There are 2 protein chains.
Amino acid sequence: MDKQLATILFESLASGIRLDIFRLLVKHAPTGLVAGEISTALALPPTNASFHLKAMTYASLINVTQEGRYQRYRANLTVMQSLIDYLTAECCTGNPDYCFDATKASSCCDTD
Amino acid sequence: MDKQLATILFESLASGIRLDIFRLLVKHAPTGLVAGEISTALALPPTNASFHLKAMTYASLINVTQEGRYQRYRANLTVMQSLIDYLTAECCTGNPDYCFDATKASSCCDTD
DNA sequence: CCAACTATACAATAATTCTTGAAATATAAA
DNA sequence: TTTATATTTCAAGAATTATTGTATAGTTGG
């Protein structure tokens, strides 16, 4: 997890719609949902849902697989775990004493 | 940690400049840095640094205290810990089986 | 009080992101 | 093959966010 990817992931989560999409997909893991189910569930115009799904896919926050004419989206829990690790490491960089009990983070104190 | 605060925090982290500021402040915890030190360290025009510092302060990602004519900023590690907890909980909402070893998260499976 | 300094507020512009309908693409079904 | 369905791409405008210089407010030390 480098700074660039972290920034892209935060951008990806920094929208109510995208956060809702991610939460919805987590709730439906590991099956995932197809695009139409997502836009229906969140009452979004399909184009808008597609716009955000594309951004989230680019960020690797979600994955997509084709199923005939459907596109099935799934939350990428692995990259989310990496982001959590990154945040935890950021929080104790150089200062484990002043950072809760996160010193167990394996990648603690990396730079960039 | 509700969805609204989480979104604000992600917005706050979703910028290279603000992420740099946060990382810099974590590195200097718990002393913190005054505004001038931050803009100098990151080679930012003071107005631009102030713009981002204000946004981050509003998001509660950092705290500010006045020291005479200086404004000292510190990373808010507590809110960062809350955000990590929120992300961890999000990742296992309703699906602990498909989410690494995050099931220990106390607030797992909350909604909004 | 006055001069120097720190930092923010304001204003104008630039840049980016968001939203939506219409059109296009692709797959499936009849 | 023709029609229907699912999804995306495109284009345009709306809205938001970022950047920077200048001006202002507040603080310190002489």
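Only a predicted model underlies this, so the values are computations on that prediction, with no experimental measurement involved. Chain naming here is simple, since letters A, B, ... match the order of the sequence lines and numbering starts at 1 in each.
Note on R18(A): only backbone sugar-phosphate atoms sit closer than 4.0 angstrom, heavy atoms only; bases stay farther off. Using a 4.0 Å heavy-atom criterion, one finds that I17(B) contacts the sugar-phosphate atoms exclusively.
Residues F51(A) and Y70(A) each lie close to DNA chain D; by heavy-atom proximity, the contact nearer the 5' end of the strand is made by Y70(A).
In this model, the phosphate group of dT19(C) is approached by a side-chain N or O of H52(A) to a distance below 4.0 Å at OP1 or OP2. Residue Y73(A) places none of its side-chain N or O atoms closer than 4.0 Å to OP1 or OP2 of dA6(D).
End-to-end axis angle of the helix from dA4(C)-dT27(D) to dA30(C)-dT1(D), from C1' rotation axes over five pairs per end: 20° (rounded to 10 degrees).
The distance between atom CD of E37(B) and atom P of dT6(C), rounded to the nearest whole Å, is 11 Å. Computed from coordinates, the L33(A) CG to dT7(D) C1' distance equals 15 Å when rounded to whole Å. For D20(B) and dT19(D), the CG to P distance is 12 Å, given to the nearest whole Å. Between I21(A) atom CD1 and dT19(C) atom P the separation is 10 Å, expressed in whole Å. Here the P atom of nucleotide dT17(D) and the CG atom of L13(B) are 15 Å apart, to the nearest Å. The distance between atom NZ of K54(A) and atom P of dT9(D), rounded to the nearest whole Å, is 5 Å.
Counting heavy atoms from C-beta outward, I17(B) and N48(B) have side chains that approach closer than 4.5 Å.
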Open item on the list: Strictly under 4.0 angstrom, non-hydrogen atoms only: write out the protein contact profile of nucleotides 22-29 of chain C, one letter per nucleotide from the 5' end, B, S or -.
Closed with: B----BSS

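Among dT9(D), dT20(D), dT8(C), the nucleotide with an atom closest to any side-chain atom of S50(A) is dT9(D).
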